[in-house]
Trainee: 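Dumping the structure here so I can ask a few things about it.
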Amino acid sequence: MTDKTQNPDTRINMMDTPFPMRGDLPKREPGWVSEWNEGGLYKKLRAARQGAPLFVLHDGPPYANGKLHIGHALNKVLKDMIVKSKQLAGFDAQYIPGWDCHGLPIENAIEKLHGRKLSRDDMQAKSRAFATEQIGQQREDFKRLGVLGDWERPYRTMDPANEAGEIRAFKRVIERGFVYRGLKPVYWCFDCGSSLAEFEIEYQDKQSDTLDVAFETDDAAKLAAAFGLAALPAGQSAFAVIWTTTAWTIPANQALNAHPELTYALVQTDKGCLVLAESLVDKCLERFGLQGGTVLATAKGTALGGLNFRHPLYDVDAGYKRLSPVYLAEYVSDSDGTGLVHSSPAYGVDDFNSCIANGLKYDDILNPVQGNGTYAADFPLFGGLHIWKAIPVVLDALRNAGRLLSTVTITHSYPHCWRHKTPVIYRAAAQWFVRMDEGEGVFTKDKAPKTLRQLALDAIEQTQFYPENGKTRLRDMIANRPDWCISRQRSWGVPVPFFLHKDSGELHPNTMAILDQAADIVEKGGIEAWSRVTVEEILDAADAPSYTKSTDILEVWFDSGSTFQHVLRGSHKDAYGVAPFHNQGPEADLYLEGHDQHRGWFHSSLLLGCALYDRAPYRGLLTHGFATDGQGRKMSKSLGNTVEPQTITSKMGAEIVRLWVASTDYSGDLNIDDKILARVVDSYRRIRNTLRFLLANVSDFDPATDTVPDDQLLEIDRFALARAAELQADIRAHFDKYEFHPVVSKLQIYCSEDLGAFYLDVLKDRLYTTAPKSLARRSAQTALWRITHGMLRWMAPFLSFTAEEAWKTFGTSESIFLETFGDFGVADEALLAKWSRIREIRDLVNKDIENLRAAGQVGASLQAEIDLTAPAADHALLASLGADIKFVFITSKVTLHAGETLAVQVTASPATKCERCWHYADDVGHDADHPTICGRCVSNLHGAGETRQVA
């Protein structure tokens with residue numbers, strides 16, 4: 001306690017606290033990080049909650065590649081806030097961080113560093129070392145953000161136990177009938193040199209050349225008959241016309257498709273008789289630059305089925321002397337193009353399905369495009385050309401052959417590789433798939449009760465979504481997705497440990513036992529150990545010469561999607577136990593990632609959970625938006641609008657990153673720039689200043705001896721606690737729904753309005769001027785002490801460093817995070833309603849005081865005297881305040897009258913100002929021994945002290 005001045009008559013209870021006004025976060029925060037880590041706080045949290053109900057947030061593994069960006073910070077801080085709020089709510093809320101370690105991005109990084117000609121063993125060794133290094137760097141950045149977790153024992157998908165667990169999960173998916181091998185068009189990235197899953201595709205605009213191509217009929221008489229004509233016009237050729245945006249697929253054309261129910265027209269033109277959808281004739285002729293076409297006849301698509309047309313390069317090179325039969329297909333439409341679709345079955349799913357359904361054999365499918373994007377060297381006319389560079393060559397060949405009717409450059413949405421941002425194609429390849437619908441798998445032992453699609457759709461209905469619109473998005477993706485291609489032609493990943501017959505391509509009969517053997521080998525020595533295994537070491541001498549060892553790996557989404565199995569029930573089962581899980585398998589309370597993971601981790605985890613256990617591996621899914629700049633634009637180096645979390649942390653403190661995350665509605669994209677961060681800093685200062693006031697004014701309060709019982713508290717203190725109880729109920733309800741921005745908003749309003757502009761403002765006189773140990777002051781301190789306890793817990797999930805710093809000067813346990821939310825009791829609704837009205841009246845009075853202040857008639861509100869007339873109900877409320885009414889209005893005098901309406905008259909006090917309490921009072925100087933202070937202050941300093949009833 002310090003004196004305001006040396007004059008003993010003007011000393012007041014001005015308290016101080018070691019909790020500084022300036023946060024100085026960049027300097028102080030690293031100390032807290034070190035203390036938490038070196039002191040083993042995470043283990044102490046586990047010990048404190050041993051036996052408590054578990055809350056399981058399963059971490060979606062970030063990729064172990066590159067330094068953290070602001071999106072990483074957003075994601076990890078949000079997870080940390082949820083885990084801490086659950087910990088404070090009394091749960092054993094564990095956080096075991098994880099990393100995704102396999103896959104192409106790391107292989108690309110290694111190739112950039114060491115070249116493309118590395119052996120498989122060398123690639124794996126360098127990839128493991130690189131991922132380990134990246135994890136170390138990222139882990140330190142996550143710690144610096146104040147994220148508490150089991151950093152000593154994270155999970156990594158490249159840990160041998162997890163790699164082995166993935167193989168065992170793969171075996172189980174096979175047993176349940178979901179895995180098959182097939183030749184199908186799959187997304188293929190030339191930069192990856194591998195197939196891609198649906199999850200790895202994003203759509204961007206791409207420029208393409210459209211082309212209308214004429215396929216000449218091979219039998220004019222049959223075509224005429226199909227249209228009910230005796231013959232075609234003499235001397236005229238006839239053509240089926242297709243429209244496409246993929247000129248590079250024309251050389252591999254093997255069929256045409258027509259819709260059975262569409263009406264087609266045979267149109268006589270200057271360029272021959274053209275077969276077009278009747279509804280598109282006018283648009284097509286205009287596009288072709290033809291005038292005055294005549295419709296000779298029309299026919300349903302069914303009439304065209306089985307007709308043959310010649311490849312458009314039929315007469316150019318012997319390699320194209322083949323026919324394209326017309327197949328009937330429901331996917332054809334007349335919404336654009338010509339109403340006819342050309343089919344290169346190796347390069348389109350619909351084309352592939354149509355051709356196979358009509359009897360085309362797998363071995364007869366033309367697939368000239370190689371994995372690097374070039375046509376095979378011996379491919380007629382275009383051999384060795386990359387398909388993108390071949391497009392103008394194909395157009396020229398068609399033009400020279402007289403088969404190109406029109407071409408236009410358009411911009412359209414096109415699939416791109418998620419990683420490389422480059423265009424991908426569909427390309428037929430023999431791959432391993434997880435089947436979504438009915439069908440027979442290999443080595444089925446325990447067939448699932450429903451299709452995987454049905455199981456996944458059912459599981460979505462049992463899942464809670466935050467926000468709720470995520471449900472529709474995921475459901476639509478599952479409802480419409482194709483089979484999942486799970487094999488990749490790379491080196492750094494969990495192997496597909498199969499042996500295939502060299503002639504038939506069939507799996508070895510002992511495949512299931514081999515999978516067990518492979519898992520055991522990998523568990524002991526990692527995937528590298530399996531890579532070194534030879535066919536002869538696994539198969540007996542009789543079989544070995546006939547089989548080849550697969551070099552495929554499981555795609556990385558199988559890695560991360562299966563982590564619930566070999567982390568929650570495998571490598572970290574000692575942390576989680578069995579208690580929170582259904583007997584059939586592990587189930588997390590929450591998965592949390594960006595909204596792009598509806599097609600990524602959420603998606604693959606859902607499919608694998610259902611494939612293994614007929615249900616999702618999670619009870620809830622939370623999605624957040626992306627970090628964007630202040631104008632809502634995606635961050636990019638080219639725009640120069642990136643914001644690095646390391647920069648914010650070093651300049652402003654990690655607490656500012658955390659408060660930015662907490663104060664922004666994560667259901668949409670989260671804008672961030674210097675102006676936004678400046679506002680966050682201002683918000684932080686307001687909260688810190690309020691906290692400092694609270695801490696200072698309870699610094700001489702010992703709860704063991706100084707606490708005032710509830711029934712003896714002054715009424716305004718009981719109101720303040722009721723308001724805190726009401727706020728805590730709101731905050732905990734928001735925490736239960738993983739909502740933080742309403743909490744930050746309400747906490748800011750509470751600090752500035754409930755506390756700063758009202759309760760603390762009213763309280764200052766009692767805190768500063770009444771006797772230090774008086775009931776009046778101890779009543780105020782009792783309320784402040786309980787409010788401070790509550791406030792530190794409310795803010796701890798997001799303002800973790802500040803709450804911990806304050807706790808060290810205030811609390812009794814080692815850490816705020818070892819605590820649980822206190823009990824304010826049930827908010828007194830009648831008391832809240834009464835004081836809400838009093839505050840409304842006080843606001844009206846303050847406006848009149850401000851008018852007088854603006855006119856220069858008064859300075860501080862204590863210089864004012866109030867003459868207040870109030871109707872009956874308001875009069876009763878105000879009269880109940882008794883003599884303390886002037887303290888509520890912070891004026892020197894209040895005269896209350898009953899009347900019909902509320903009316904206020906403010907005048908400047910004619911009395912003398914007390915040098916100690918600054919009230920204007922008639923009795924200032926009445927005590928000759930204390931000439932500068934009022935009678936109330938004399939009593940508080942030298943006598944029995946004043947009595948307060950309400951405020």
Side-chain angles (χ1 to χ4, degrees), residues 16-48 67-68 70 72-73 76-81 83-85 87-88 95 97 135-154 644-662 677 680-681 683-696 698-699 788-789 791-819:
D16 201 0
T17 173
F19 182 77
M21 182 177 296
R22 288 180 56 84
D24 220 0
L25 298 173
K27 292 182 179 178
R28 289 199 183 102
E29 287 172 346
W32 293 113
V33 173
S34 296
E35 183 174 317
W36 290 340
N37 293 324
E38 294 169 8
L41 177 59
Y42 183 78
K43 290 182 180 178
K44 292 173 181 176
L45 294 180
R46 301 285 62 75
K67 71 175 184 178
L68 299 191
I70 194 67
H72 287 128
K76 275 293 193 286
V77 167
L78 186 53
K79 290 173 180 174
D80 186 58
M81 294 192 304
V83 171
K84 284 173 177 170
S85 68
Q87 178 80 11
L88 286 160
Y95 178 60
I135 288 171
Q137 294 173 2
Q138 291 186 4
R139 176 165 44 199
E140 293 310 306
D141 280 347
F142 285 140
K143 288 181 184 178
R144 179 63 186 85
L145 289 169
V147 178
L148 291 177
D150 195 352
W151 297 111
E152 295 180 7
R153 196 176 63 129
E644 294 185 346
Q646 297 86 348
T647 301
I648 304 172
T649 299
S650 63
K651 290 183 177 179
M652 302 178 182
E655 203 79 314
I656 302 307
V657 177
R658 298 182 66 90
L659 187 54
W660 165 71
V661 174
L677 288 172
V680 175
V681 170
S683 298
Y684 173 78
R685 286 172 178 159
R686 286 195 293 272
I687 294 173
R688 187 178 181 95
N689 287 342
T690 301
L691 186 56
R692 188 174 189 278
F693 181 92
L694 294 173
L695 292 170
V698 294
S699 59
T788 306
H789 265 283
M791 187 169 163
L792 288 177
R793 288 160 171 78
W794 304 336
M795 62 190 278
F798 46 93
L799 291 178
S800 297
F801 291 111
T802 305
E804 188 78 318
E805 181 187 5
W807 186 254
K808 292 298 181 181
T809 68
F810 176 74
T812 53
S813 64
E814 182 178 345
S815 171
I816 183 66
F817 302 110
L818 293 167
E819 301 295 312

Trainee: With L25 as reference, evaluate I656, V681, T649 under the side-chain contact (heavy atoms from CB on, under 4.5 Å) test and give the passing residue.
Mentor: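 Going through I656, V681, T649 one by one, the side-chain contact (heavy atoms from CB on, under 4.5 Å) with L25 is satisfied by I656 alone.
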Trainee: Would you say that V680 contacts V657 through its side chain, given a criterion of any heavy-atom pair below 4.5 Å between the two side chains?
Mentor: no
Trainee: Give, for atom OG of S683 and atom CZ of R688, the distance between the pair rounded to the nearest 0.5 Å.
Mentor: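 Taking OG in S683 and CZ in R688, the distance rounds to 15.0 Å.
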Trainee: Can you tell me if Y42 uses its side chain to pair, donor with acceptor, with the backbone of Y95 under 3.5 Å?
Mentor: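 Looks like yes, one N/O pair under 3.5 Å.
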Trainee: So, for A654 and F801, which heavy atoms are closest and what is the spacing to 0.1 Å?
Mentor: CB-CE1, 3.9 Å
Trainee: Could you please spell out the steps behind the side chain to side chain contact (heavy atoms under 4.5 Å, CB included) verdict for R658 and L799?
Mentor: CA-CA 7 Å; R658 298 182 66 90; L799 291 178; 5.6 Å; no
Trainee: So, do I687 and M791 sit near enough that their side-chain heavy atoms are less than 4.5 Å apart?
Mentor: yes
Trainee: How many angstroms lie between atom CG of L659 and atom CE of M652, to the nearest 0.5 angstrom?
Mentor: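 The CG atom of L659 sits 12.0 Å away from the CE atom of M652.
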Trainee: Does NZ or CZ of R686 come closer than 6.0 Å to the centre of the six-membered ring of Y684, within 45° of the ring's axis?
Mentor: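 Negative - R686 is either too far from the ring of Y684 or too far off its axis.
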Trainee: With sequence neighbours left out, write down each residue that passes salt bridge (Lys or Arg N to Asp or Glu O under 4.0 Å) with E819, or none if nothing qualifies.
Mentor: R793
Trainee: Does the distance from a Lys or Arg side-chain N to an Asp or Glu carboxylate O, for K84 and D80, drop under 4.0 Å?
Mentor: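 Salt bridge present between K84 and D80.
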Trainee: Would you call the rings of W151 and F142 parallel, tilted or perpendicular if under 30° counts as parallel and over 60° as perpendicular?
Mentor: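 Ring orientation of W151 relative to F142: parallel.
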Trainee: Return the CD to CZ distance between E805 and F19, rounded to the nearest 0.5 Å.
Mentor: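 E805 CD to F19 CZ: 4.5 Å, rounded to 0.5 Å.
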Trainee: Measure the spacing between CD of E29 and CZ of R144 and express it to the nearest 0.5 Å.
Mentor: 4.5 Å
Trainee: Is a side-chain donor-acceptor pair under 3.5 Å present for T17 with R692?
Mentor: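 No, no side-chain donor-acceptor pair sits under 3.5 Å.
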Trainee: Mind checking the CD1-CD spacing from I135 to E140? Nearest 0.5 Å is all I need.
Mentor: 12.5 Å
Trainee: Hey, are the side chains of L691 and M795 touching, using non-hydrogen atoms and a 4.5 Å cut-off?
Mentor: yes
Trainee: Side-chain contact, heavy-atom cut-off 4.5 Å: W660 with I70?
Mentor: yes
Trainee: Who pairs with R139 by salt bridge (Lys or Arg N to Asp or Glu O under 4.0 Å), at least two apart in sequence or on another chain?
Mentor: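 Scan of R139 (salt bridge (Lys or Arg N to Asp or Glu O under 4.0 Å), adjacent residues dropped) gives none.
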Trainee: Is K44 close to F817 at the side-chain level, that is, under 4.5 Å between some pair of heavy atoms?
Mentor: no
Trainee: Is any side-chain heavy atom of F810 less than 4.5 Å from a side-chain heavy atom of T788?
Mentor: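 Yes; the side chains approach each other to less than 4.5 Å.
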Trainee: State, yes or no, whether a side-chain contact exists between K43 and E152 at a heavy-atom distance under 4.5 Å.
Mentor: yes
Trainee: Among I816, T802, L818, find the residue that satisfies the side-chain contact (heavy atoms from CB on, under 4.5 Å) test when tested with W807.
Mentor: I816
Trainee: Which atom pair, heavy atoms only, marks the closest approach of P797 to S800?
Mentor: O-OG, 3.5 Å
Trainee: How about D16 and S699: do any of their side-chain heavy atoms sit closer than 4.5 Å?
Mentor: no
Trainee: Quick one: closest heavy-atom pair of P30 and P26, and the distance?
Mentor: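 Smallest heavy-atom distance, with atoms named: CD-O, 3.2 Å.
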Trainee: Could you point out which residue of Q138, Q646, E644 forms a side-chain hydrogen bond (donor to acceptor under 3.5 Å, both in side chains) with K67?
Mentor: E644
Trainee: Please report the interatomic distance CG(D150) to CG(L45), rounded to the nearest 0.5 Å.
Mentor: 11.0 Å
Trainee: Verify salt bridge (Lys or Arg N to Asp or Glu O under 4.0 Å) between K808 and E35, making sure each step is shown before the conclusion.
Mentor: CA-CA 12 Å; K808 292 298 181 181; E35 183 174 317; 3.2 Å; yes
